[in-house]
K.L.:
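Have a look at this one.
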Protein chains: 2
Amino acid sequence: MRKVERVATRRTVNRLSSDDRISDIMAAARAAVTEKGYEKVLISDIAERAGVVEGTIYRYFENKRDLLVKVAEAWFGGALSEDSRIDSIDGTMNKLRHLAWRTLSIIRREPVLARFMLMELRPDPSYRGSPFFDLNQRFTSDALRVCKQAIASGEFHDDVSAPMLRDMLFGCIEHRTWAFLRGEGEFSIDEVADGVAKVIYRGMLAAPAAASSADRLDEITGRLEQVTQALLKKT
Amino acid sequence: MRKVERVATRRTVNRLSSDDRISDIMAAARAAVTEKGYEKVLISDIAERAGVVEGTIYRYFENKRDLLVKVAEAWFGGALSEDSRIDSIDGTMNKLRHLAWRTLSIIRREPVLARFMLMELRPDPSYRGSPFFDLNQRFTSDALRVCKQAIASGEFHDDVSAPMLRDMLFGCIEHRTWAFLRGEGEFSIDEVADGVAKVIYRGMLAAPAAASSADRLDEITGRLEQVTQALLKKT
DNA sequence: CGATTTGATAAATGTTACTCATTAGTAAGT
DNA sequence: ACTTACTAATGAGTAACATTTATCAAATCG
């Protein structure tokens, strides 16, 4: 607790509106974190890019994490709102494929931000209850709803739960994306979206088509036999 | 670069063999990281538990990360070697289920270590080429082999690649585990292993029944044509 | 037993996130 | 216009770590 001696060497002061300051800092933070990732990015770096001094950042944001959480929220919220509604898509298979596709698109456009969000933020204890939690919830709940509906209507088997299916979808997508970020090979968004949707859809289909095909075949075969017999009698 | 003045207050010195020192430190580190996770655990904490001073740790390990990487490697390598060989299991479905089950078991037994390994270590740029990379490779390559075999033998469709299937399997498992660690509900290892294996298996099965339906349709169509022709001749 | 090597020790240093006393600029009151 | 009160920016400082290093106790060896 030593007494503090301060020197009065002060330059000019930048006076702007709060909104401008905040958006400057967030833009700088976004650029910096996109380049370096959460651990590596320094507050001093962000401050320099934004043209302010470190202390100024702490006037507008609680701490480093708070700042970057807000950056991630702004980005993810914006990306989500661009998307068309899932209900307008016909058929469970197409719905699943679209969900996979849109997730891959968002992640692929800003992989470092996505990584920060899904791997650094999500594990945090304070994650639940944060506005980001709601965003992510809204995101994955579409998939959950589609699966539940398919199970309830009898289109899907009921021997695997809807949350399991949701986790297969997003788990595959994320796993594949992180592997890509590590440099373990390329992949095509369309191919992954189609593959994962296809496996889930085919794996869960309660196969009414196959059953009814067999029934109808039996029926047709029977009638054909009748006709054949009738024809034979005539000759 | 100030000149350093040191005081000669020294207590007794603990002199042990290098091996003992190393295993003491690793045991302490493992206990500490299991309790607190990578970020939170302090070198000073590990040193205290191991009964050494901080500097001693740096005689045997490059840095904090190096120490914890070695801890994770030792644990994961041990857990893997306990497992029975996958080839002795009959049937693709059973193989997939066993792979899922053994992964879930290992992760579930030491979730914090697993999290550290799969989420902190794996994304690291220096990850490739590390001994841990090989371990993980060996781990997932079993799944890859099983899927490739099933595709090659015609048991599975060939319209989704084997690496996709592997990523669905491990992606689902990891996603589900992290959700559990976040406190988002319980889950049973058996249920998840069975579910994910079931969906992949059913979704990829080349469905010979459907093919035979097509054959029967061809046959019926042919016969119907005969009958029609016969009927037309009569009239 | 004395010299030399080994390796443990405690203090120093470096790096960052974060705090706070101080002041530049602004608005309000008279 | 001039004082006063307020707000926001500043940058030197603090705290919490990981990591380095000069020093010395113990072990080993000739």
Side-chain angles (χ1 to χ4, degrees), chain A residues 1-26 28-29 32-33 35-71 116 120 124 126, chain B residues 1-26 28-29 32-33 36-71 116 120 124:
Chain A
M1 300 301 177
R2 183 149 49 90
K3 206 56 177 298
V4 175
E5 306 263 345
R6 277 161 209 283
V7 188
T9 51
R10 174 107 16 170
R11 312 294 154 80
T12 56
V13 167
N14 250 336
R15 197 53 81 104
L16 288 173
S17 83
S18 281
D19 286 351
D20 287 348
R21 253 311 111 93
I22 289 174
S23 62
D24 280 357
I25 292 171
M26 284 182 69
V33 80
E35 256 178 45
K36 309 193 169 181
Y38 180 75
E39 289 299 331
K40 297 279 183 63
V41 73
L42 303 186
I43 290 290
S44 54
D45 185 14
I46 295 173
E48 198 176 355
R49 286 177 199 243
V52 296
V53 92
E54 302 179 31
T56 304
I57 290 178
Y58 288 89
R59 170 164 304 281
Y60 297 104
F61 301 93
E62 292 255 329
N63 49 39
K64 180 180 175 179
R65 170 165 287 260
D66 175 50
L67 165 58
L68 294 177
V69 164
K70 282 179 176 140
V71 167
F116 166 60
E120 314 253 17
D124 198 78
S126 67
Chain B
M1 298 303 177
R2 182 149 50 91
K3 205 55 177 294
V4 176
E5 306 263 343
R6 278 160 208 282
V7 188
T9 49
R10 175 114 8 179
R11 311 294 155 80
T12 55
V13 167
N14 249 336
R15 196 55 81 101
L16 289 174
S17 84
S18 282
D19 286 351
D20 286 349
R21 256 307 113 94
I22 290 175
S23 63
D24 279 359
I25 293 171
M26 284 182 68
V33 81
K36 311 193 169 184
Y38 179 75
E39 290 299 330
K40 297 280 182 63
V41 72
L42 304 186
I43 289 291
S44 55
D45 186 13
I46 295 173
E48 198 177 354
R49 286 178 198 243
V52 296
V53 90
E54 302 179 33
T56 304
I57 291 177
Y58 287 90
R59 171 165 304 281
Y60 298 104
F61 302 93
E62 292 255 329
N63 49 39
K64 181 178 175 180
R65 169 165 285 259
D66 175 51
L67 165 58
L68 295 177
V69 164
K70 282 180 175 140
V71 167
F116 167 61
E120 313 254 18
D124 198 80

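Each chain gets a letter, A, B and so on, in the order its sequence line appears, and its residues count up from 1. The figures that follow rest on heavy atoms only: side chains count, while hydrogens, waters and symmetry mates do not. Here the structure is a predicted model, which means the values were calculated and not measured.
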K.L.:
Check side-chain contact (heavy atoms from CB on, under 4.5 Å) between Arg65(B) and all other residues, then give those that pass, not counting sequence neighbours.
P.N.:
Tyr38(B), Asn63(B), Val69(B), Leu121(B), Asp124(B)

K.L.:
Quick check on dC18(C): is either OP1 or OP2 less than 4.0 Å from any side-chain nitrogen or oxygen of Tyr58(A)?
P.N.:
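Yes.
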
K.L.:
Round to the nearest Å and state the distance from Ile46(B) atom CD1 to dC17(D) atom P.
P.N.:
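So the CD1-P distance, Ile46(B) to dC17(D), works out to 13 Å.
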
K.L.:
Taking the minimum atom-to-atom distance to the side chain of Ile43(B), which one of dA17(C), dT9(C), dA18(D) wins?
P.N.:
dA18(D)

K.L.:
Please state how far atom CG in Asp24(A) lies from atom P in dA9(D), giving the value in whole angstrom units.
P.N.:
11 Å

K.L.:
Rounded to whole Å, how long is the line connecting atom NZ of Lys40(A) with atom P of dT15(C)?
P.N.:
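It works out to 16 Å between those atoms.
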
K.L.:
What nucleotide, of dA9(D), dC18(C), dA8(C), holds the atom closest to the side chain of Thr56(B)?
P.N.:
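Side chain of Thr56(B) sits closest to dA8(C).
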
K.L.:
Below the 4.0 Å mark, does dG7(C) have OP1 or OP2 next to a side-chain nitrogen or oxygen of Arg21(B)?
P.N.:
no

K.L.:
Using atom CG of Leu42(A) as one end and atom P of dG14(C) as the other, report the distance to the nearest whole Å.
P.N.:
17 Å

K.L.:
How far does CD1 of Ile43(B) sit from CD1 of Ile25(B), to the nearest 0.5 angstrom?
P.N.:
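If I round to the nearest 0.5 Å, the distance is 9.5 Å.
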
K.L.:
How long is the straight-line distance from CD of Glu62(A) back to CD1 of Ile57(A), given to the nearest 0.5 Å?
P.N.:
14.0 Å

K.L.:
Taking Leu42(A)'s backbone N and O only, do any of them form a donor-acceptor pair with Lys64(A)'s side chain (distance below 3.5 Å, no angle check)?
P.N.:
no

K.L.:
Could you state the NZ-C1' distance from Lys36(A) to dT16(C), rounded to the nearest angstrom?
P.N.:
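Nearest whole value for this atom pair: 13 Å.
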
K.L.:
For residues 48-55 of chain B, which side-chain donor-acceptor pairs fall under 3.5 Å, sequence neighbours excluded?
P.N.:
unit_1	atom_1	unit_2	atom_2	d
Arg49(B)	NE	Asp45(B)	OD1	3.4
Arg49(B)	NH2	Glu35(B)	OE1	3.1

K.L.:
For DNA chain D, find the residues of residues 61-70 of chain B with a heavy-atom distance under 4.0 Å and give them by number; none if there aren't any.
P.N.:
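Contacts with DNA chain D under 4.0 Å: Asn63(B), Lys64(B).
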
K.L.:
What integer distance in Å separates Glu54(A):CD from dG13(D):C1'?
P.N.:
12 Å

K.L.:
Between the base of dA8(C) and the side chain of Arg59(B), is there a donor-acceptor distance below 3.5 Å?
P.N.:
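Side chain to base: pair found, below 3.5 Å.
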
K.L.:
Using side-chain contact (heavy atoms from CB on, under 4.5 Å), reason through Ile46(B) and Val33(B) one step at a time and then give a plain yes or no.
P.N.:
CA-CA 9 Å; Ile46(B) 295 173; Val33(B) 81; over 6 Å; no

K.L.:
How many angstroms lie between atom CE of Met26(A) and atom CD1 of Ile22(A), to the nearest 0.5 angstrom?
P.N.:
8.5 Å

K.L.:
Among dA10(C), dA18(D), dT10(D), which is the nearest nucleotide to the side chain of Val53(B)?
P.N.:
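Between dA10(C), dA18(D), dT10(D), the one nearest the side chain of Val53(B) would be dA10(C).
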
K.L.:
Take the protein atom CD of Glu48(A) and the nucleotide atom C1' of dT16(C), then report the distance between them rounded to whole Å.
P.N.:
15 Å

K.L.:
Can you check the Ile57(B) CD1 to dT20(D) C1' distance for me, whole Å?
P.N.:
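The distance from CD1 of Ile57(B) to C1' of dT20(D) comes to 14 Å, rounded to the nearest Å.
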
K.L.:
At less than 4.0 Å, is any side-chain N or O atom of Tyr60(B) found next to OP1 or OP2 of dA8(C)? Yes or no.
P.N.:
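True: Tyr60(B) side-chain N/O within range (under 4.0 Å) of dA8(C) OP1/OP2.
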
